[in-house]
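For reference, the structure is listed below as structure tokens.
Here, residue 1 is the first one in the sequence, and each next residue gets the next number.
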Amino acid sequence: MASPGIEVELLVKGHSDLGEVAPEVKPSESQTSVAIADLEWREMEGGDCGFHYGDGTNEAQDNDFPTVERSRLQEMLSLLGLETYQVQKLTLQDSLQISFDSMKNWAPQVPKDLPWHFLRKLQALNAEARNTTMVLDMPPDAWPAEKESQMEEEMIYWDPAEEMAADDIYSFSELPMPDTPVNPLDLVCALLLSSDAFLQQEVLLKMALCQFALPLVLPDSENHYHTFLLWALRGVVRTWWFQPPRGLGSFREDSAVLARAPTFAFVRMDVSSNSKSQLLNAILSPARRQWDCFWHRDLNLGTNPREIADGLVEISWFFPSGKEDLDVFPEPMAFLNLRGDIGSHWLQFKLLTEVCSAVFILTDNISKKEYKLLYSMKESTTKYYFILSPYRGKRNTNLRFLNRLIPVLKIDHSHVLVKVSSTDSESFVRRIRAIICGVARSPCRRVSVEDMAHAARKLGLRVDEDCEECQKAKDRMENIIRKIQDVDAYKRDELRLQGDPARKAAQVEREFCQLQWLSEPPEKHRAELRRRVLELRVQQNGQEPTSGVQEFILGISSPSPGERQYFLRWMESGLARLGSPRPRQPPETLLTLRPKLGGASDLNEPLWPEPLGVEHFLREMGQFYEAESCLVEAGRLPAGQRRFAHFPGLAVELLLGGLPLELVDGATLSIPIRWVTGLLKELHVRLDRRCRLVVLSALGVPGTGKSTLLNTMFGLRFATGRSCSPRGSFMQLLPVAEGFSQDLGCDQILVIDSGGLISGALASAGDRFELEASLATLLMGLSNVTVVSLAETKDIPPAILHAFLRLEKTGHMPNYQFVYQNLHDFSVPSPKPRDRRQLLDPPSDLSRAATHMEKQGGSFRTLAGLAERQHVWHIPALWHGAPPMAAVSLGYSEAIFELKRCLLENIRNGLSNQNKNIQQLIELVRRL
């Protein structure tokens, strides 16, 4: 007898017009198998179903579609101007280049503008990056005849009231306008296919920060394979609230590819009048807030036909925040979305069934072909749910095939849901959430993206991480990481030159520099300081690089630029994993943190635990170079016997590849002058004639958002977050496009992040305050432009005040921009004029303390010579909503762009003082 459960379920929903289902005698299991086998054989003989699954390929797809898809891909790449990047891929450095477009909020005019517009918006974490609307710059008759014919055909022959076959429902809607020719999903696919592995990783990281769904399986019908994007996702790190069954909860942080979670897929079979993406967005969104993680047909341009994105699998996660009113699920969940019909993308669907805890199938029709596809999944342990629309499709046929699938897929009436437009959407979403929570509570698969990649390999999908360069770099990283059992012990035993000898040498050289400013320095004291420095450097030079340091040097010495970059990224992720899993507590506020920082008077006392990072290995190389150079200068070592003279060249290659290099040693709080000079000399050689520099620095107390500001403004890679940031100051190089360098007045922009140097210590902190003031003076003295990042209206660190007073005496005053960042509440209004005056008139006790140290009068406002409206910025809060599910706010992104435009305009107009070449910068470093 036919299953009454499904019929009743449909009628309960109020759909009595479905018609009666003829009574049917339920066959035995063996009879069912024979009947289905006979049905399958007749279908194959008759040619009604071209599907054959054996080795992970779709026969119909391979034989019928490649020619069409191949031309579509080539047409799309040509339309977007990306066909030239199929051999020599787009790189991260290409996307960072400063050009005229960096200074204007431009709208794309032709399709070839779209990839660059997307990258610019994404770099700025702009939530509208997926908008591909263009300002039409060519007449309609210039459009390709094929595209015009396609549009006309869709307009004439598609009737919404008619039943649709296996065509993609999402490709049919109103006639596309000629100024919107590209579906955003096509743009993302084309750009990723044209990018190297490191730009792909950066694109997905920025998309994750914008809370966009991320590509997981990238279709490429042109070359007959699809790519699982494991490497591209490795840069995504998420933080979430973990609540154990017993005890207190805490925040946890981990790579998105390593976190295991129940996974749920949403797919379309044949045609569905319900949108998967809209449903997914509703499931992920808290009450009264709509998040458009997945692009859907009701968004701008969502109805444009997809040309190359069918077969794309996207992934998004839900991570709890610990707030009951925001958390729709109690634990992390992963959600997958297959674009296109499962019948045309069987390999991707097979992958989803092997990694997911449950699969939700949206359809209006279940035909013989779809029944056969689902029957082949009879061995799967995945749970299946059907979401139907009663107003479309053949209802009786659907019921007949659903009844046959009940024993095959091990489902019952509760696995069949009806969704119609008149249904209360909120109640339907609550029902889906309840099903998801029920599956997650029961014994189910919990997989990571790495686990998914293993399944993808078995099915024959290409995994981007399996290339030879990536695997060689990973092996080298593992040779280093496996020897690190205890971080402190490793620093002491393997990074020996960064211990007491380095700190003592830095202290002695600091004293020696201070003697230079005395009118008549005692010669005996100077000789004693020279002797002590030389003794310490001899001791350092007597050491040999340890095995870990040697392995690191081999990794960055690879002749392959790609392998070097892979090695560095592997090292960063491997070192970040040390000590995991360690709960991460909610970040402290600046107000609670400041008393601890103000009380730190020992110069060598760390302000917070400094994690082991790539900079420690580079510091070790710098110390070897420092010691050797000191002995050569003293005549104690012939120049021909140098072993480490090539170290600056290795480091500069990393700088040119986009890695921030340490300028001020975070361990000794000093500049290793010989090492930095060696780096700049090598950079001068590498840049040849393009060595005119403008130096831009950002100063502020850790936690005021300065590193995030620089990263958002220019797409840089400075470490963010007080709990994971290194202590030193770092520099990164931004190239200026050759066609724009003459207009801007420089060839490169050297960006310096003060990192953790400025702690906010009070004047009473003694030596620490003086040291921080000296370092602030150094960084500002090197700069043409200085951005001072502030968290509160009275939060100008006294060390920065002191630096202003020092620089005023020298006459070198860089262009200052004061940035007030709202770190707490995005609804806080910008400061009123009275608040701005308080910002520029620091508290009297700090002002008097700084002025007293310099033995001169005058107010800070007078020294800086600031114009309120031109130099003080209010930046809205970074997040729109509560992390971890919050996206970057549009207001933050737009304000950062305006600040960037202003900085570049000031540089171009010469308001940032004269640019300098690298030789002048070397001399300035020595002098300061």
Side-chain angles (χ1 to χ4, degrees), residues 61-62 65-95 108 111-123 129-130 132 181-208 212-236 295 304-315 337-340 344-345 347-348 351 453 456 460-467 469-470 562 565-566:
Q61 184 179 16
D62 285 349
F65 294 146
T67 303
V68 176
E69 292 295 332
R70 187 177 301 119
S71 63
R72 282 185 178 181
L73 179 60
Q74 290 300 327
E75 283 180 3
M76 180 59 63
L77 294 173
S78 177
L79 180 71
L80 297 173
L82 296 174
E83 71 275 14
T84 58
Y85 297 106
Q86 298 315 293
V87 178
Q88 189 70 28
K89 302 287 188 181
L90 269 170
T91 69
L92 182 56
Q93 291 304 97
D94 292 333
S95 71
K112 291 184 179 181
D113 291 339
L114 291 174
W116 301 103
H117 181 260
F118 175 76
L119 285 173
R120 297 282 186 201
K121 290 284 188 183
L122 200 61
Q123 174 184 298
R130 294 181 295 187
T132 58
V182 179
N183 186 292
L185 295 175
D186 286 338
L187 173 61
V188 171
C189 288
L191 183 60
L192 291 176
L193 288 170
S194 307
S195 303
D196 71 5
F198 310 104
L199 181 55
Q200 285 182 350
Q201 198 174 78
E202 187 70 11
V203 166
L204 264 62
L205 171 61
K206 300 293 189 182
M207 289 179 68
F212 297 163
L214 308 180
L216 180 69
V217 177
L218 184 65
D220 182 2
S221 301
E222 174 75 12
N223 297 304
H224 302 283
Y225 59 69
H226 310 301
T227 304
F228 188 95
L229 299 177
L230 175 60
W231 170 260
L233 283 164
R234 280 207 183 269
V236 180
W295 193 264
N304 279 28
R306 291 196 302 267
E307 300 290 345
I308 63 173
D310 277 348
L312 172 70
V313 178
E314 297 170 291
I315 185 169
N337 182 10
L338 171 61
R339 299 289 183 168
S344 301
H345 308 287
L347 188 59
Q348 289 93 317
L351 172 65
L461 272 77
R462 172 181 174 267
V463 177
D464 59 351
E465 204 167 271
D466 292 347
C467 69
E469 284 185 335
C470 183
Q565 288 294 320
Y566 276 120

| field | Straight-line distance of Trp295 CH2 to Arg130 CZ, nearest 0.5 Å | value | 5.5 Å

| field | Non-hydrogen side-chain atoms of Leu191 and Leu114 separated by less than 4.5 Å | value | no

| request: Without swapping roles, check the side chain of Gln348 against the backbone of Gly311 for a donor-acceptor pair under 3.5 Å. | output: yes

| message | Using a 3.5 Å distance criterion without hydrogens, assess whether the side chain of Glu314 forms a donor-acceptor pair with backbone atoms of Asn337. | response | no

| message | With a 4.5 Å cut-off on side-chain heavy atoms, are Leu216 and Phe228 touching? | response | yes

| Distance from Leu193 atom CG to Gln86 atom CD, nearest 0.5 Å? | 6.5 Å

| Heavy-atom closest contact (Ala208 atom, Val236 atom, distance) | CB-CG1, 3.9 Å

| Between Ala453 and Leu230, what is the shortest heavy-atom contact and its length? | CB-CD2, 3.8 Å

| query | What's the spacing between Met76 CE and Ile308 CD1 if we round to 0.5 Å? | reply | 5.5 Å

| Do you know the tightest heavy-atom contact between Ala129 and Leu122? | CB-N, 4.0 Å

| said: So which atom in Gln200 and which in Ala232 form the shortest heavy-atom distance, rounded to 0.1 Å? | reply: CB-CB, 4.1 Å

| query | Hey, does Arg234 have a side-chain heavy atom less than 4.5 Å from the side chain of Glu465? | reply | yes

| field | From CG (Asp113) to CZ (Arg120), nearest 0.5 Å | value | 11.5 Å

| In a check of side chain to side chain contact (heavy atoms under 4.5 Å, CB included) between Phe198 and each of Gln565, Gln93, Lys89, which one passes? | Gln565

| task | Check Pro215 against Leu312 and note the closest heavy-atom contact, atom names and distance. | result | CB-CD1, 3.9 Å

| Validation row: Leu204, Leu192 side chains within 4.5 angstrom (heavy atoms) | yes

| said: Within the 4.5 Å heavy-atom criterion, are Leu77 and Ser194 side-chain neighbours or not? | reply: yes

| query | Passes side-chain contact (heavy atoms from CB on, under 4.5 Å), Trp231 versus Cys467? Steps please. | reply | CA-CA 10 Å; Trp231 170 260; Cys467 69; over 6 Å; no

| Is a side-chain donor or acceptor of Asp220 paired with a backbone partner of Tyr225 at a separation under 3.5 angstrom? | no

| query | Hey, what do you get for OG (Ser344) to CG (Leu338), rounding to the nearest 0.5 Å? | reply | 9.5 Å

| Could you go step by step and tell me if Leu119 and Lys206 meet the side-chain contact (heavy atoms from CB on, under 4.5 Å) rule? | CA-CA 10 Å; Leu119 285 173; Lys206 300 293 189 182; over 6 Å; no

| task | Work out which heavy atom in Asn183 is nearest to a heavy atom in Pro305; give both atom names and the distance. | result | CB-O, 3.7 Å

| query | Short question: side chain of Asp196, backbone of Thr91 - any donor-acceptor pair under 3.5 Å? | reply | no

| field | From CG (Leu347) to NE2 (His345), nearest 0.5 Å | value | 11.0 Å

| said: Is any side-chain heavy atom of Tyr85 closer than 4.5 Å to one of Leu80? | reply: no

